[in-house]
Amino acid sequence: MTIQIYNTLTRQKEEFVPLNQGHVGMYVCGPTVYGNSHIGHAKSYVSFDVMVRYLRYCGYKVLYIQNITDVGHLTDDADEGEDKLVKQARIDRVHPMQIAELMTRSYFEDMDALNVLRPDISPRASGHIIEQIEIIRKLVKNGFAYETGGSVYFDVTKFPSYGKLSGRTLDESLEGTRVGTRSEKRHSADFALWKKAEGGHIMRWPSPWGEGFPGWHIECSAMSMKYLGESFDIHGGGMDNQFPHHECEIAQSEAATGKPFVKYWIHNNLVTVNGRKMSKSLGNFITLKDAFKKFDPVVVRFLILQSHYRSTLDLSDDSLLGAKIGLEKLFNTIRNVRETIKKTDQDQHAGQPAIDFSAYKNRFLEAMSDDFNTPQAVAVIFDLAREANQLLHAESMPGMETLLALNALFSELGGMILGIVTNDLSSTARDENDEAKLIDILVQTRQKAKSEKAWWAADFIRTELEAAGIRLEDKKDGTIWRKIDS
RNA sequence: GGCGCCGUACCCAAGUGGUAAGGGAGAGGUCUGCAAAACCUUUAUGCAGCGGUUCGAAUCCGCUCGGCGCCUCCA
């Protein structure tokens, strides 16, 4: 089965044919580690995670690179703002690398919770300054870049196909330019490859143009080509990075090597909250750590997979709740299958394998091969679950072979590929007040025991709760409880 | 202003020429000591609206209305 991928570069679905048979080089723009990751990161990296999983499932040897941006990503205009990490470090009064380290750990923590497989390599931008400088030198030498005042800019007028990814022309770029802005750039669309470090700037490295730091776009070119070669198969990222980030990557990479940079560009769509784009500047973003307080990470992952990666995902408590209940239902079925296997006699082969497993599998793989259509793939899983439930509740018990095959298929499609079904399907319930609810139930039980003068039961509950650090106090109009130091 | 995307049931969401997937919610039923779980039936003659192409349109074309994104940082 061939895989179709929507290529942003050509604006159509194309058959996936890797540059080297059997091997896939894949690079995805990683996070800028100056703050906690949010739901948008989850959508992006879950989507690409499923792609990697599926390509591997199909037998490809995938080398998956995802960078960590810990320097050079400016807060404002691509060439004028402050380095994001430096800014955050200034606010927190710590070294920028402390922010980077802390937030990198936090990021992986969240991704692990979402069952996102770690990239094969997570290169840090600050660890590849030399490689970045090398590319910049080459660009200057070949006339694609120019140095001015200790900074180096890419000269977009020297790269005629600038704009081919985002469908822009240089004329358009000019129109949107503020008039009268003083800039050392020759053309408003020129972008920084290297920035001179002003006095007091902490993140700085020596370079042929004096002390400074790299521009944002150059790191991805340097690190992707270092590990995947000058031309590679897939480059992914959020739609918001299509321009200018990816456009600049193409320009500087292809200008430096003279070779095509990337064969397939994949862009995932964004998360909206109440119909509005979730963004850092709008301040309406939901961090994953907050989301996980209310919903199990697997619920978040499941919700993401229920929509297509190229569609926007509008997030709300309702949609998360719907996903939670639906997933719970699916897990129930799989748990039942597994329980039944345990209870079933090994030798019981009675009953014909009533399920056409290969039909389900084929439908699933067809969906996945059509530009990673996870919503359809999920639908197939639910169809399978319905048939499984019918079987489990039928008059005659299904045979062992059927049960094992069923469990295997759930694990293969829902687990290995979608990353939803794991060996341990604990409840997806996630409520901070679970403890309080349980205590309330115990209190009510005790109240009932008291009303029936079952004093031994009432006293038992009170004594045991006290031992567990919960003190009950009977008031005139009811019982209250509070936590005590036990 | 330039470029682009979207509008499918009460909600979420697939489907891009062949007669509307899936999930949630709702209604009725089966099973059941009561629940829960599960199963069955049901819920859009219609896919923002209008017109066109076609044997056939949610899907293609045009216009209108509504929402959003990029063009500054963001996954």
Side-chain angles (χ1 to χ4, degrees), chain A residues 8 11 13 28-32 34-35 37-48 66 69 73-84 87 107 163 166-169 171-178 181 188-189 216 236-245 247 267-272 275-283 285 302-330 332-333 335-336 363 367 370 373-394:
Chain A
T8 310
R11 289 162 209 285
K13 284 185 194 171
V28 170
C29 286
T32 302
Y34 70 101
S37 33
H38 49 73
I39 294 281
H41 292 110
K43 173 168 164 65
S44 182
Y45 300 124
V46 164
S47 297
F48 289 115
Q66 188 190 99
T69 298
H73 200 165
L74 306 180
T75 52
D76 209 317
D77 182 285
D79 307 318
E80 304 301 336
E82 188 178 12
D83 186 306
K84 289 185 166 183
K87 182 185 177 191
Y107 168 71
S166 54
R168 286 162 212 278
T169 63
D171 295 343
E172 286 170 16
S173 302
L174 263 179
E175 282 176 26
T177 307
R178 290 158 297 182
T181 302
S188 62
W216 170 37
M239 270 185 175
D240 48 345
N241 276 335
Q242 194 174 316
F243 187 91
H245 185 52
E247 196 71 63
H267 290 96
N268 76 282
N269 216 318
L270 307 178
V271 170
T272 57
R276 288 268 163 193
K277 175 189 168 183
M278 185 173 78
S279 80
K280 286 167 185 175
S281 53
L282 288 179
F285 64 93
F302 177 66
L303 177 68
I304 289 167
L305 296 181
Q306 270 191 308
S307 75
H308 190 87
Y309 77 89
R310 281 195 287 116
S311 302
T312 53
L313 173 65
D314 195 38
L315 202 78
S316 67
D317 276 350
D318 278 353
S319 59
L320 275 163
L321 197 62
K324 178 189 162 174
I325 295 171
L327 187 62
E328 196 84 60
K329 188 176 143 186
L330 177 65
N332 256 324
T333 301
R335 270 195 293 262
N336 285 336
R363 279 177 57 206
D370 182 15
N373 194 328
T374 55
Q376 281 208 327
V378 166
V380 174
I381 299 261
F382 272 91
D383 285 342
L384 178 63
R386 175 177 292 113
E387 195 162 350
N389 281 324
Q390 289 168 350
L391 215 62
L392 290 170
H393 293 266

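Atom-to-atom, CG of A:Asp314 to P of B:rU8 comes out at 12 Å; the value is rounded to the nearest Å. The interatomic distance linking A:Lys84 (NZ) with B:rA75 (P) rounds to 6 Å, in whole Å. Atom CZ in A:Arg310 sits about 13 Å away from atom C1' in B:rG15, given to the nearest Å. B:rC70 atom P lies 16 Å from atom CZ of A:Arg11, rounded to whole Å. Taking atom OH of residue A:Tyr309 and atom P of nucleotide B:rC5, one finds them 15 Å apart after rounding to whole Å.
The shortest distance between the side-chain N/O atoms of A:Lys324 and the OP1/OP2 oxygens of B:rG24 is not below 4.0 Å. Between A:Asn389 and B:rA37, a side-chain N or O to OP1/OP2 separation shorter than 4.0 Å is absent.
Among B:rA14, B:rA38, B:rA75, the nucleotide with an atom closest to any side-chain atom of A:His41 is B:rA75. Counting only heavy atoms from C-beta on, A:Gln306 has its side chain closest to B:rG22 among B:rG22, B:rA38, B:rC40. Proximity note for A:Leu303 (side chain, C-beta onward) versus B:rC12, B:rA75, B:rG15: the nearest is B:rC12. Minimum atom distance to the side chain of A:Phe382 is reached by B:rG23, of the listed B:rA37, B:rG23, B:rA75.
Spacing of P atoms, B:rC55 relative to B:rU41, comes out at 38 Å, to the nearest Å. Of the P atoms belonging to B:rG62 and B:rU53, the separation is 15 Å, rounded to the nearest Å. Comparing B:rC31 with B:rA44, their P atoms are spaced 28 Å from each other, to the whole Å.
Within the 3.5 Å criterion, the main-chain N or O of A:Gln376 finds a donor-acceptor partner in the side chain of A:Asn373.
Under the 3.5 Å distance criterion, with hydrogens and angles disregarded, a donor-acceptor pair is assigned to the side chains of A:Ser44 and A:Asn268.
Pair assignment for B:rG33: none, as no Watson-Crick or G-U wobble contacts are both less than 3.5 Å.
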